[in-house]
Novice: 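The structure that follows is given in the form of structure tokens.
Numbers restart at 1 for each chain; the letters A, B, ... are given by sequence-line order, proteins then strands. Values reported hereafter were calculated over all heavy atoms of this structure, with side chains retained and with hydrogens, waters and symmetry mates removed. Being a predicted model, the structure only gives us computed values, none of them experimental.
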2 protein chains.
Amino acid sequence: MLSGKFAISIHILTLLTKFPNDFLSSEFIAGSINLNPVLVRKEIANLKAHHIVESKEGKNGGTKLSKSASDITLNEIFQMTFDTINLGYAKNHPHPDCPVGKKINENLSGLYTQLNKKVSVELKNITLEDFSNQF
Amino acid sequence: MLSGKFAISIHILTLLTKFPNDFLSSEFIAGSINLNPVLVRKEIANLKAHHIVESKEGKNGGTKLSKSASDITLNEIFQMTFDTINLGYAKNHPHPDCPVGKKINENLSGLYTQLNKKVSVELKNITLEDFSNQF
DNA sequence: CATACTGTAATAAAATATATTACAAATATA
DNA sequence: TATATTTGTAATATATTTTATTACAGTATG
């Protein structure tokens, strides 16, 4: 999973924000996203590894936020679920003897780093609570 | 093609910038990128549709820039090759009866639009000439 | 008129993303 | 304590998207 990771995680987290006192099951969450529950659990595993949610196994188990939605920024979620914003790389190794081929990926990477910084600044200003309040 | 479109186009355009007086063949360009020439020609078709390069068919044919590299910004190239910066959407239609499911895509889209604006501002300040001068 | 290109369609192969199945381990509660 | 429900995770299958290849008509050059 790569394409939907951020979107799925933020969907999960928005639901958890809306029901801050309940342990929501992966099946319930999967129903809202329309996604297989196993994939929801995988994303939750990632969020757990970053300590922003906690789960309870067994009957009546599920997942809840482990910190306040007002203390979670979208930048944190971005960092947890996205490698870096980028506009892509060509898939194959470019020709190493060509002056352009030799440096293209390095130069693209520098550009993308610059873009990421701008995106991060923006996302730091939005909390999960802010985002959830739109619903 | 989505993932490599911008990277491939900027690679092509950097080569054309380095050889502003020559018509470069798709095969030559493909060698530098290490990509199938047919895909290079497809990207060139897109750049031609946006009038920043021109091609000559037949023997000794190829492609060259149709305007100065100093008059092309990376934002233009971005617009030509990328739909929008985004952090993804879940693939399936979310549940329409869930308050979160019902609005998630709209709200993500609003967020992504905001990010795109920041990225565009950044890319407007870099010309193809600037980028090519790094090589 | 032979050669070397572009343009483009059709198809194939490879890579990635998503879905499904299966089941062990945990825990609430009847 | 037995049953039902849920997480956690591995293994596998399916679907989708990207990339590559093949093929060939059209065009300009020398």
Side-chain angles (χ1 to χ4, degrees), chain A residues 1-9 11-12 15-16 19 22-50 53-66 81-83 86-95, chain B residues 1-9 11-12 15-16 19 22-50 53-66 81-83 86-95:
Chain A
M1 181 187 296
L2 221 171
S3 101
K5 229 170 142 63
F6 175 84
I8 289 164
S9 291
H11 193 146
I12 293 168
L15 287 168
L16 298 181
F19 299 93
D22 297 329
F23 284 87
L24 303 185
S25 76
S26 62
E27 189 137 11
F28 173 81
I29 294 169
S32 173
I33 306 179
N34 188 12
L35 188 73
N36 193 285
V38 173
L39 301 177
V40 171
R41 299 206 282 271
K42 272 192 186 159
E43 280 318 304
I44 285 172
N46 180 47
L47 298 174
K48 276 173 57 180
H50 288 93
V53 305
E54 59 198 72
S55 296
K56 197 170 61 172
E57 293 187 25
K59 188 167 180 181
N60 298 332
T63 302
K64 70 188 256 313
L65 287 181
S66 57
T81 58
F82 221 88
D83 188 17
N86 72 66
L87 307 180
Y89 294 93
K91 188 191 148 207
N92 301 327
H93 292 302
H95 201 301
Chain B
M1 182 187 296
L2 219 172
S3 100
K5 229 171 141 62
F6 175 83
I8 290 164
S9 290
H11 193 145
I12 294 168
L15 288 169
L16 298 182
F19 299 94
D22 297 330
F23 283 87
L24 303 184
S25 76
S26 62
E27 188 136 9
F28 172 81
I29 294 168
S32 173
I33 306 179
N34 189 13
L35 188 74
N36 193 287
V38 173
L39 301 177
V40 171
R41 299 207 282 270
K42 271 193 189 157
E43 279 320 305
I44 286 173
N46 181 46
L47 298 174
K48 274 172 57 181
H50 288 92
V53 304
E54 59 197 71
S55 296
K56 196 170 63 172
E57 291 187 27
K59 188 167 180 181
N60 299 330
T63 302
K64 71 189 254 315
L65 287 181
S66 58
T81 58
F82 221 87
D83 189 15
N86 72 65
L87 307 179
Y89 294 92
K91 189 191 147 208
N92 301 326
H93 292 301
H95 201 302

Novice: Nearest whole Å is fine: how far is dT9(D) P from Leu39(A) CG?
Specialist: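 To the nearest whole Å, that distance equals 14 Å.
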Novice: Could you give the distance from CD1 (Ile12(B)) to CD (Glu43(B)), rounded to the nearest 0.5 Å?
Specialist: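 Going from CD1 on Ile12(B) over to CD on Glu43(B), the span is 6.0 Å.
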Novice: CG/Leu87(B) to CZ/Phe82(A) distance, rounded to the nearest 0.5 angstrom?
Specialist: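 So the gap between those two atoms works out to 5.0 Å.
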Novice: If a pair satisfies side-chain hydrogen bond (donor to acceptor under 3.5 Å, both in side chains) and one of its residues is in residues 26-40 of chain B, list it, with sequence neighbours excluded.
Specialist: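 Residue pairs passing side-chain hydrogen bond (donor to acceptor under 3.5 Å, both in side chains), neighbours aside: His11(B)-Ser32(B), Ser26(B)-Arg41(B).
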Novice: Does anything in residues 57-64 of chain A come within less than 4.0 Å of DNA chain D? Heavy atoms only, and list the residues if so.
Specialist: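 Of all residues in residues 57-64 of chain A, the ones placing a heavy atom under 4.0 Å from DNA chain D are Glu57(A), Gly58(A), Lys59(A), Asn60(A), Gly61(A), Gly62(A).
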Novice: Starting from P on dA4(C), measure out to CG on Leu24(B) and report it in whole angstrom.
Specialist: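 Taking CG of Leu24(B) and P of dA4(C), I get 18 Å after rounding.
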Novice: Specify the residue among Asn92(B) and Ile44(B) whose closest nucleotide of DNA chain C lies further upstream toward the 5′ end.
Specialist: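 Result of the comparison: Ile44(B).
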Novice: So which one's nearest nucleotide on DNA chain C is more toward 5', Arg41(A) or Ser55(B)?
Specialist: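 Per heavy-atom nearest nucleotide, the more 5' residue is Ser55(B).
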Novice: Under the criterion side-chain contact (heavy atoms from CB on, under 4.5 Å), which of Leu39(B), Asp83(B), Thr81(B) is the partner of Lys5(B)?
Specialist: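 When Leu39(B), Asp83(B), Thr81(B) are each tested with Lys5(B), the side-chain contact (heavy atoms from CB on, under 4.5 Å) holds only for Thr81(B).
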Novice: Does the side chain of Thr63(B) come within less than 4.5 Å of Leu47(B)'s, by heavy atoms?
Specialist: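 No, side chains not in contact.
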Novice: Asp22(A) has an atom CG; how far is it from atom P of dT7(D), in whole Å?
Specialist: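 Taking atom P of dT7(D) as the reference, CG of Asp22(A) is at 13 Å.
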Novice: In whole Å, what is the span from the CG atom of Asn36(B) to the C1' atom of dA23(D)?
Specialist: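 Result: 13 Å.
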Novice: Take the protein atom CZ of Phe23(B) and the nucleotide atom P of dA28(D), then report the distance between them rounded to whole Å.
Specialist: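 In whole Å, dA28(D) P and Phe23(B) CZ are 12 Å from each other.
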Novice: Between Lys48(A) and Glu54(A), is the closest basic N to carboxylate O distance under 4.0 Å?
Specialist: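 Here Glu54(A) does not pair with Lys48(A) in a salt bridge, since their nearest N and O are not under 4.0 Å apart.
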Novice: Can you tell me the base-pairing partner of dA30(C)? Count Watson-Crick or G-U wobble geometry only, both distances below 3.5 Å, and say none if there is no partner.
Specialist: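 Pair assignment: dA30(C) / dT1(D).
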Novice: Send over the distance from Ile12(A) CD1 to dT7(D) P, rounded to a whole Å.
Specialist: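 After rounding, the reported distance stands at 11 Å.
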Novice: Does OP1 or OP2 of dC5(C) have a side-chain N or O of Ser25(B) closer than 4.0 Å?
Specialist: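 Checking Ser25(B) against dC5(C): no side-chain N or O falls below 4.0 Å of OP1 or OP2.
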Novice: Rounding to a whole Å, what distance do you find between Leu35(B):CG and dT19(D):P?
Specialist: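 From Leu35(B) CG to dT19(D) P: 8 Å.
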Novice: Would you indicate whether the side-chain heavy atoms of Ser25(B) and Phe28(B) approach each other to under 4.5 Å?
Specialist: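 They are in side-chain contact.
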Novice: Just the rounded figure in Å: distance from P of dA4(C) to CZ of Phe28(B).
Specialist: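 Going from Phe28(B) (CZ) to dA4(C) (P), I get 18 Å.
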Novice: Start at the 5' end of DNA chain D and walk down; is the nucleotide closest to Lys91(B) or to Lys91(A) reached first?
Specialist: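 The residue closer to the strand's 5' end, by nearest nucleotide, is Lys91(B).
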